[in-house]
> 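Shown below is the structure under consideration.
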Amino acid sequence: MRSHLEKAASAADEDFGWRRAWSGSAAREGVWSNVRSAEVMLLQLVSDEEAAGRASEVMALVKDHLETDDPRRVRLARRLRPIISGEMSPSDRDLMVRALDAAYNALDDELARVRSLRNILWAATFLVLLGVAGLAVYGWFFPKSLSLCFTPKVDPGNASGVNVVCPTAEHPDVSAGTPASDLAESRDILTVEIAGLAGAALTVIASLRRIRGTDAPYMLPLASAVLKFPTGALSAFLGLLLIRGAFVPGLSDLDSRAQVLGWAAAFGAAQHLVTRLVDDRAQMTLAEVGRTTDAVVDPERAAVKESDVPGETGAPGPPTAFQDGERPHEGAQEGTRARAPVDEGAEGARPRAGP
């Protein structure tokens, strides 16, 4: 126990500097993991009365983090009432220790999955942002190669010239033989990406209604929301590029600069069709941390309900073997049997169910 607490103190006092964003969360996990390990060891050393007093707390943790059909959870639920009543055997203490250790290990695994997904989202955000910045820089120096300028229909009143529409300017009455890419400017791609960011920001605000608070020590919803911004800028650029290449049937060349920016904002908002899958995955991962199972609000009563073994509630079921050799109907059932002769003397002999 002392060794675990010393490791926890060392991890809590460590200064990670610039590595805190990546290593600080893992250190917090190490602190709590060592504290929980010391708590499990402490449960082996306390008196029977104190261990019995912690039985309900252990059962609550087990219900939060272990599956319903986990053998340790099932056995602890069946033995909870005798333990609370003070009839705890050495095997019961060992069962409590193992169940508590398994519950804490499951909690550590759940938090590790949250941290891993958080790191993946931040890494994806950085890579997408790097790609968006690279497009803007490339378009700044080579605007003609990634031109987003459109040539709408020729003005009927002036057949000798055409209108060229770019994200940052409109060029009316341009010679019909002039390529639209020759009029592209350095700020075109950057302007489109900014419009895409504005559309993505609108979807971020709209998605806030679906975000729920969490007690997990990681800002996973924030990471999934930040990912929408560079993704919106990228989808705005790709959407206009598809329109210019006549990839989308029914969409002709855009007629004005306002239409270009409007479509850029619309494509920026359309990134929500993809990133909402990331939001769902984040919410699902958060829901798995301390997920509530059946009747976890009242774990002690739920444990008694799960104690449907022969001799306790009268429900049919196979007998359960215990390491200490006790029968599963001990405790309250033994008290009933001790009072049986008095009841029989007052009301007459009655047949008793069971052996």
Side-chain angles (χ1 to χ4, degrees), residues 1-16 19-80 83-84 88-119 213-220 284-300 302-303 306:
M1 290 172 55
R2 185 178 295 108
S3 175
H4 280 294
L5 293 178
E6 289 175 354
K7 291 179 181 179
S10 176
D13 295 337
E14 186 173 356
D15 183 14
F16 293 94
R19 297 181 293 112
R20 177 169 294 277
W22 297 96
S23 303
S25 56
R28 287 195 298 270
E29 288 183 18
V31 171
W32 284 111
S33 179
N34 282 283
V35 171
R36 295 180 187 121
S37 298
E39 185 178 355
V40 171
M41 292 183 176
L42 180 63
L43 186 59
Q44 303 179 34
L45 304 177
V46 297
S47 62
D48 290 347
E49 292 76 10
E50 186 173 350
R54 292 202 55 193
S56 298
E57 177 187 350
V58 173
M59 191 68 221
L61 289 170
V62 167
K63 279 182 169 288
D64 276 349
H65 303 290
L66 294 186
E67 299 293 340
T68 307
D69 57 351
D70 189 283
R72 291 159 296 194
R73 171 176 171 173
V74 174
R75 288 195 60 197
L76 183 59
R78 290 174 175 174
R79 292 293 304 163
L80 181 61
I83 292 175
I84 294 177
M88 186 172 63
S89 64
S91 62
D92 292 333
R93 183 189 292 269
D94 181 69
L95 176 61
M96 289 180 57
V97 170
R98 292 180 181 276
L100 181 61
D101 185 50
Y104 280 152
N105 288 335
L107 175 59
D108 291 339
D109 293 340
E110 294 163 5
L111 294 177
R113 286 194 295 269
V114 175
R115 175 171 55 87
S116 176
L117 182 58
R118 191 277 312 267
N119 292 343
T214 175
D215 57 354
Y218 307 106
M219 295 183 292
L220 191 57
M284 188 182 304
T285 303
L286 288 176
E288 293 175 355
V289 179
R291 58 190 181 279
T292 55
T293 56
D294 47 310
V296 74
V297 177
D298 194 349
E300 186 173 327
E306 290 183 5

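The first residue in the sequence is number 1, and the count goes up from there.
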> Does any part of the side chain of Asp70, heavy atoms only, come nearer than 4.5 Å to the side chain of Val62, both counted from C-beta?
no
> Measuring from atom CD of Glu110 to atom NE2 of His65, what distance do you get when rounded to the nearest 0.5 angstrom?
5.5 Å
> Please confirm whether the backbone N or O of Ser33 pairs with a side-chain atom of Ser37, one donor and one acceptor, at under 3.5 Å?
yes
> At what distance, to the nearest 0.5 angstrom, does CG of Leu66 lie from CE of Met59?
8.5 Å
> Tell me if the CZ atom of Arg98 is crowded by more than 12 foreign heavy atoms within 6.0 Å.
no
> Looking at Asp101, Leu107, Leu61, Leu100, which one forms a side-chain contact (heavy atoms from CB on, under 4.5 Å) with Arg36?
Leu107
> Which atom pair, heavy atoms only, marks the closest approach of Leu80 to Ala55?
CD1-CB, 3.6 Å
> Indicate the atoms forming the closest heavy-atom contact of Ala12 with Val31, along with that distance.
N-CG2, 3.6 Å
> Shortest non-hydrogen contact from Asn34 to Ala8?
CB-CB, 3.9 Å
> Check Ala38 against Met1 and note the closest heavy-atom contact, atom names and distance.
O-CG, 3.8 Å
> To the nearest 0.5 Å, how far apart are CG in Leu42 and CD in Gln44?
9.5 Å
> Considering all heavy atoms of both residues, which atom of Val114 and which atom of Thr285 are nearest to each other, and what is their separation?
CG2-CG2, 3.8 Å
> Run through Leu111, Asn119, Leu117 and flag the one making a side-chain contact (heavy atoms from CB on, under 4.5 Å) with Arg115.
Asn119
> Between Arg113 and Asp109, is the closest basic N to carboxylate O distance under 4.0 Å?
no
> Drop me the distance from Leu43's CG to Met96's CE, to the nearest 0.5 angstrom.
5.0 Å
> If you measure only the distance, is there a donor-acceptor pair under 3.5 Å linking the side chains of Asp92 and Ser89?
yes
> May I ask you to test the Lys63-Arg73 pair for a side-chain heavy-atom distance under 4.5 Å?
yes
> If every non-hydrogen atom of Val74 is compared with every non-hydrogen atom of Thr68, which pair is closest and at what distance?
CG2-O, 3.7 Å
> Just by modelled atom types, is the Val46 backbone N or O under 3.5 Å from a matching donor or acceptor in the Arg93 side chain?
yes
